[in-house]
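Take a look at the structure below.
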Amino acid sequence: MRFTVAIDGPAAAGKGTISRAVADRFGFAHLDTGALYRAVGVKGGDPVDAARGLTPEDLARADLRTLEAGQAASRVAVIPEVRQALLDFQRGFARREGGAVLDGRDIGTVICPEAEVKLFVTASPEVRAHRRWLEVGGDERQVLAEVRERDARDMNRADAPLRPAADAMVLDTSEMTIEEAVAAAVAQIERLRG
Ligand code: CDP
């Protein structure tokens, strides 16, 4: 059985939490595609070489979730050769046997346009910055500035810009608890799974 759930959206919208919950609920494998770009961003050296030679150790680094890694990720993510180097792995994962959930920016538009379920998870920049600040600490205004800067870069790049697929369900989680957001995602998957 091949069944792909594509979960896209801007920084700190709750994609990761929803994806993990959905994967658990349906027994699907989960790929956090942002971790690939974060690993390339923090590796240093030539980003194209880093993307082509990404190892499991690169993906296990403890510093991938920092604000700096997020910024580094969005800077290397504008490079078409970096995106190209990560494409086949993501496509293979999406169509693996047993079902898969992938979260990122371009899953429903570029990586797996044929995904059976597409969700675009979003929330206001302030709400997203607050959630990310609870995770990483520091100065909340700086976290908000970082979120806005990364969103602008992700939405305005030429290759695979962040935008909802035409057939995605948009889930605005600004006023939702995580339980409500997960329930909405699960309901949509059940509807489309038949
Ligand atoms: O967790 P958060 O939403 O803050 O970020 P992430 O999903 O870990 O992604 C980090 C960065 O990687 C994003 O800001 C994008 O620039 C890039 N990215 C991408 O271009 N395409 C993807 N499929 C996933 C991430």
Side-chain angles (χ1 to χ4, degrees), residues 4-21 30-43 47-48 50-51 54 58-94 100-113 115 118-138 140 142-165 168 171 173 178 181:
T4 311
V5 182
I7 304 190
D8 292 306
K15 301 181 300 289
T17 312
I18 294 172
S19 302
R20 281 188 295 275
H30 171 226
L31 180 65
D32 165 11
T33 65
L36 305 175
Y37 292 91
R38 287 171 180 267
V40 172
V42 298
K43 194 159 180 184
V48 178
L54 215 54
D58 295 331
L59 293 169
R61 282 176 65 141
D63 58 353
L64 292 187
R65 296 300 311 165
T66 63
L67 290 184
E68 293 72 25
Q71 285 290 4
S74 86
R75 281 194 286 268
V76 299
V78 306
I79 305 169
E81 292 80 7
V82 166
R83 307 199 70 84
Q84 183 63 39
L86 301 174
L87 192 75
D88 287 347
F89 174 69
Q90 295 178 83
R91 286 211 170 134
F93 194 98
V101 186
L102 289 83
D103 70 286
R105 301 291 185 286
D106 62 341
I107 309 304
T109 51
V110 173
I111 301 297
C112 195
K118 296 181 188 178
L119 302 176
F120 191 85
V121 182
T122 188
S124 72
E126 291 76 15
V127 166
R128 292 187 284 116
H130 185 69
R131 290 179 187 157
R132 183 51 47 90
W133 173 75
L134 291 173
E135 223 179 285
V136 298
E140 191 170 343
Q142 195 210 322
V143 177
L144 176 59
E146 188 272 347
V147 159
R148 286 189 195 278
E149 185 186 335
R150 198 143 60 85
D151 285 353
R153 200 184 290 125
D154 291 348
M155 290 188 291
N156 294 319
R157 68 183 176 218
D159 192 14
L162 169 66
R163 59 175 173 80
L171 193 61
T173 68
I178 189 61

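In each ligand, atom 1 is the first atom listed, and ligand 1 is the first ligand listed. These figures come from a predicted structure and were not determined experimentally.
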Give the numbers and elements of all ligand 1 atoms closer than 4.0 Å to a heavy atom of [X].
{"X": "A73", "answer": "10 (C), 11 (C), 12 (O)"}
{"X": "A11", "answer": "3 (O), 4 (O)"}
{"X": "A77", "answer": "16 (O), 17 (C), 20 (O)"}
{"X": "R65", "answer": "1 (O), 8 (O)"}
{"X": "D154", "answer": "13 (C), 14 (O), 15 (C), 16 (O)"}

Note to self: Go through it in stages, so that I can follow the logic: the residues are E126 and R131, the test is salt bridge (Lys or Arg N to Asp or Glu O under 4.0 Å), and I'd like the CA-CA distance, side-chain angles, deciding distance and then a yes or no.
What the structure shows: CA-CA 9 Å; E126 291 76 15; R131 290 179 187 157; over 6 Å; no
Could you tell me whether ligand 1 has any atom less than 4.0 Å away from a heavy atom of [X]?
{"X": "A12", "answer": "yes"}
{"X": "R153", "answer": "no"}
{"X": "R75", "answer": "no"}

Item checked: Whether R157 side chain and A160 backbone form a donor-acceptor pair below 3.5 Å -> yes
Next item on the list: Could you tell me whether R157 approaches ligand 1 through its side chain, its backbone, both or neither, with non-hydrogen atoms closer than 4.0 Å?
Entry: side chain
Notebook entry, point to check: Is it the side chain, the backbone, both or neither of E149 that has a heavy atom closer than 4.0 Å to ligand 1?
Noted result: neither
Margin query: Considering R132, E135, R83, R105 one by one, which has a heavy atom nearer to atom 4 (O) of ligand 1 than any of the others?
Written below: R132
Next item on the list: Measure the shortest side-chain to side-chain distance between T122 and T173 over non-hydrogen atoms and say whether it is less than 4.5 angstrom.
Entry: no
Item checked: Distance-only side-chain donor-acceptor flag, Y37 / R83, under 3.5 Å -> yes
Next item on the list: Look only at interatomic distance and state if R150 has a nitrogen or oxygen under 3.5 Å from any nitrogen or oxygen of ligand 1.
Entry: yes
Margin query: If you measure every N or O of Q90 against every N or O of ligand 1, does any of those distances drop under 3.5 Å?
Written below: no
